[in-house]
Amino acid sequence: MAKELLIQALSEALTRAQTAGDIPENAAAEVELQTPRDPRHGDLSTGLAMVIASETGRPAREVAETLLRHLQLPEGLVDDISVAGPGFVNFTLSAAWLRGIVRRVLDQGERYGRSEVGGGRSLLLEFVSANPTGPLAVVQGRAAAVGDTLANLFERIGWRVSREYYVNDATNSTQVQRFAETLDARYLQQLGKDASVPEDGYQGEYVVDMAAELVAAEGDRYLEMPHAERLTALYEYCLRQIVASHKRDMLAFGVEFDTWFMESSLHENDEVARAMEALKEAGHSYEADGAVWLRATELGDEQDHVLIRSDGRPSYLAGDIAYHKNKFERGFDRLIDIWGPDHQGHVKRTKAGVQALGYDASRFEILIHQIVRLFRGSEMVRMSKRAGDIVPLAGLVEDVGPDAARFFFLMQSMDSQLDFDLELAKKQANENPVYYVQYAHARICSILREAEERGVRLPQPDAVNLDRLEAPDELGLARKLGDLPDEIQQAAERCETHRMTRCARELGAAFHSFYTNCRVLNDDAELTAARLSLVQAVRTTLRIVLDIIGVSAPEKM
RNA sequence: GCGCCAGUAGCUCAGCUGGAUAGAGCACCAGACUUCGGAUCUGGGUGUCGGGGGUUCGAAUCCUCCCUGGCGCGCCA
């Protein structure tokens with residue numbers, strides 16, 4: 001807000017200076033403002049004069065002074081402007097402006113930080129999309145936390161967001177068949193028959209449990225079926241259970257999808273066949289070695305990829321291309337997929353497929369998050385669905401709770417791998433930063449409760465004299481509240497969800513510091529009212545941030 | 001061999017569309033409350049920002065080469 005106003009004023013100043021001939025016309029610099037690390041350098045700072053100086057060969061400080069002569073700022077925005085160092089122009093926001101932020105938060109309430117930059121455009125966000133061959137693992141939690149938070153962020157800035165989960169349930173897929181064979185073996189074993197899990201099958205114990213449940217529910221009625229038929233029947237039964245468990249796990253984690261998209265529906269509706277036909281007509285596929293290939297090399301990939309196997313079954317890629325065609329046909333303005341790091345190699349070929357169908361690839365982004373490594377103490381836990389060592393997400397959520405789990409997953413950039421120590425997360429749950437932030441919220445609620453008990457009336461926004469807020473901690477806190485709208489927008493536009501946890505912690509820190517130094521309920525009624533207003537604004541802001549990352553804001557802890 | 005990600009304080013990581021003296025949390029040490037919740041606050045950092053070269057007023061940030069680690073490179077998904 002303040003940033004936009006300053007950028008505009010600076011741009012106008014530059015134009016005026018150029019019109020007046022004080023700065024050469026050819027100096028075309030874009031105005032950028034940053035928050036200086038050192039608070040002595042003000043609240044906002046620009047290196048504009050230095051850029052112009054290097055373009056025109058004039059001394060930077062002189063250019064800065066020239067800019068300032070032409071600068072006309074909105075009334076009451078800035079207290080101090082200075083030219084510093086090699087030619088920085090530093091601005092210090094006025095106390096009145098900072099108090100205005102508090103008033104704005106009180107006025108806007110939950111709507112604070114919302115914007116319409118998205119313009120009501122539609123976004124399909126696909127994430128998690130784990131194979132239906134077992135329970136959701138801890139890694140999926142990272143995708144879920146990031147995806148859901150990103151969806152919240154985009155909704156905040158005016159996009160219409162749809163959350164989608166893609167279920168790879170195509171029964172002709174090799175992995176599903178492998179899984180079905182494993183299930184079959186476990187089923188037979190449950191019924192006392194001699195059978196063994198195929199070598200490339202799923203070794204995990206959870207398949208044994210599934211088979212046991214199957215027997216408990218359905219008995220031996222599949223036993224007499226022909227082998228192929230039994231495989232299908234067993235799998236279809238378990239598919240329902242698995243998808244249901246995924247839905248349950250996601251819900252327990254606080255994530256609700258708008259659609260669960262079944263890959264099988266693409267095959268049943270001939271959408272895969274139609275997509276393949278379209279690729280062929282567009283000249284982007286060819287036959288070789290009895291298979292049909294995507295000419296991905298012509299669209300930026302290193303190699304071509306099989307679309308239809310020589311036995312006639314479509315590949316995973318074929319289904320995925322048809323799936324993304326379907327997404328575009330549903331009319332979304334923008335698609336974002338969040339994938340795990342093992343799918344990194346699929347980015348180029350999927351984009352190539354989308355492009356080959358004639359869709360605008362710039363409307364389709366694929367974000368890759370890095371792995372989650374699990375530790376029990378110092379021992380690393382190997383995770384592989386087929387090897388069977390799954391650490392289920394549901395167990396983690398039960399252990400540390402959805403709040404701590406989500407916060408933890410969101411604390412670092414999705415580009416870096418995440419080490420999750422299960423013991424530490426359990427044992428030292430109290431030290432998890434999520435509590436620091438939640439405690440700030442609970443403390444505020446406690447103050448407000450206390451005020452009520454003492455019969456202190458909560459101030460009417462119009463009647464409060466916010467001028468009484470003048471301590472550094474008070475104004476610093478207000479400044480933090482003012483950062484939120486820009487933070488939300490940046491986090492959404494750059495798809496950087498970890499910015500929100502940082503934002504939450506900084507907000508909490510600013511509040512805790514304020515709390516220590518400024519007594520809210522005091523003998524001065526006017527000051528008490530002003531501080532109660534500030535505290536209410538902080539509560540609103542904290543709730544917004546916590547809501548975005550999907551963490552609860554408890555009133556008591 | 002090729003591709004993607006990472007390499008920053010003892011540990012875990014921010015900072016990366018170039019800005020001033022490179023930050024936070026944890027751990028460790030020392031302090032702070034007769035009053036609103038001590039799950040708090042305050043103070044304490046000698047870091048080859050993996051290494052070399054380049055670009056420029058200015059590089060952790062951009063380019064390039066190299067080193068190390070993770071992940072991927074299938075007519076699996």
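A, B, ... follow the sequence lines: proteins, then strands. Residue 1 opens every chain. Quick caveat: nothing in here was measured; it's all calculated off a predicted structure.
- Of all the heavy atoms in A/T92 and A/G42, the pair that sits closest is OG1-CA, 3.7 Å.
- The side chain of A/Y439 places an N or O atom within less than 4.0 Å of a non-bridging phosphate oxygen (OP1 or OP2) of B/A39.
- A/H41 has no side-chain polar atom (N or O) that falls below the 4.0 Å cut-off from OP1 or OP2 of B/G19.
- Legend: residues meeting ring pair (Phe, Tyr, Trp, His ring centres under 6.0 Å) with A/H343, ordered by chain and number and at least two apart, are A/H346.
- Distances shorter than 4.0 Å separate none of the side-chain N or O atoms of A/Y436 from OP1 or OP2 on B/C26.
- Judged as a side-chain contact (heavy atoms from CB on, under 4.5 Å), and not counting sequence neighbours, the contacts of A/A451 are A/V456, A/L521, A/L532.
- Residue A/Q412 places no side-chain atom within donor-acceptor reach of the base of B/C13, judged by atom type and a 3.5 Å distance cut-off alone.
- Of the side-chain N and O atoms in A/R443, one or more sit less than 4.0 angstrom from OP1 or OP2 of B/G38.
- A donor and an acceptor atom never sit less than 3.5 Å apart when one is taken from the side chain of A/S416 and the other from the base of B/C5.
- Remark: the separation of the C1' atoms in B/C73 and B/G15 is 32 Å, to the nearest Å.
- Nucleotides B/U35 and B/A30 place their C1' atoms 26 Å apart, quoted to the nearest Å.
- Listed by residue number, A/Q303, A/V306 are the residues of residues 298-308 of chain A with a heavy-atom contact under 4.0 Å to RNA chain B.
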Below 3.5 Å between N/O atoms, which protein atoms pair up with nucleotides 8-11 of chain B? Just atom names and distances, please.
none

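- Two residues, A/A509 and A/L418, neighbour RNA chain B, and the one matched to the more 5' nucleotide by heavy-atom proximity is A/L418.
- Spacing between B/U8 and B/G50 at atom C1', rounded to whole Å, works out to 10 Å.
- Among the duplex regions that RNA chain B forms, those built from at least three successive Watson-Crick or G-U pairs under 3.5 Å are B:1-7 with B:67-73, B:10-13 with B:23-26, B:28-32 with B:40-44, B:50-54 with B:62-66, ordered by first number.
- Between B/G45 and B/C29, the distance separating the two C1' atoms is 13 Å to the nearest Å.
- Applying the ring pair (Phe, Tyr, Trp, His ring centres under 6.0 Å) test to A/F88 and every residue at least two apart in sequence or in another chain returns nothing.
- Here salt bridge (Lys or Arg N to Asp or Glu O under 4.0 Å) pairs that include residues 527-537 of chain A, with residues two or more places apart or in two chains, are A/E474-A/R531.
- When the side-chain nitrogen and oxygen atoms of A/R349 are compared with OP1 and OP2 of B/C73, none of them lie within a distance under 4.0 Å.
- The backbone N or O of A/T497 sits nowhere less than 3.5 Å from a side-chain atom of A/T149 that would complete a donor-acceptor pair.
- Listed by chain and residue number, nothing satisfies the ring pair (Phe, Tyr, Trp, His ring centres under 6.0 Å) test with A/H284 (two or more places apart in sequence, or in another chain).
- Qualifying salt bridge (charged side-chain N to carboxylate O under 4.0 Å, His left out) partners for A/D337, counting only residues two or more places apart in sequence or in other chains: A/K327.
- Comparing B/G7 with B/G37, their P atoms are spaced 42 Å from each other, to the whole Å.
- Comparing the P positions of B/A60 and B/C16 gives an interatomic distance of 14 Å, to the nearest angstrom.
- Remark: the separation of the C1' atoms in B/G10 and B/C5 is 25 Å, to the nearest Å.
- Here, B/G23 and B/C28 have their P atoms 24 Å apart, quoted to the whole Å.
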Distances under 3.5 Å only, N/O to N/O: pair up the protein atoms with those of nucleotides 30-35 of chain B.
unit_1: B/U35; atom_1: O2'; unit_2: A/R519; atom_2: NH2; d: 3.2
unit_1: B/U35; atom_1: O2; unit_2: A/R519; atom_2: NE; d: 3.0

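- Applying the side chain to side chain donor-acceptor pair (under 3.5 Å) rule to pairs touching residues 287-297 of chain A yields A/T297-A/D304, sequence neighbours excluded.
- Using a 3.5 Å distance cut-off with no hydrogens or angles, the side chains of A/R178 and A/T133 do not pair a donor with an acceptor.
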Nucleotide N/O of nucleotides 58-65 of chain B paired with protein N/O under 3.5 Å:
none

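- Nucleotides of RNA chain B nearest to A/Y316 and A/S413 differ in position, and the one nearer the 5' end is that of A/S413.
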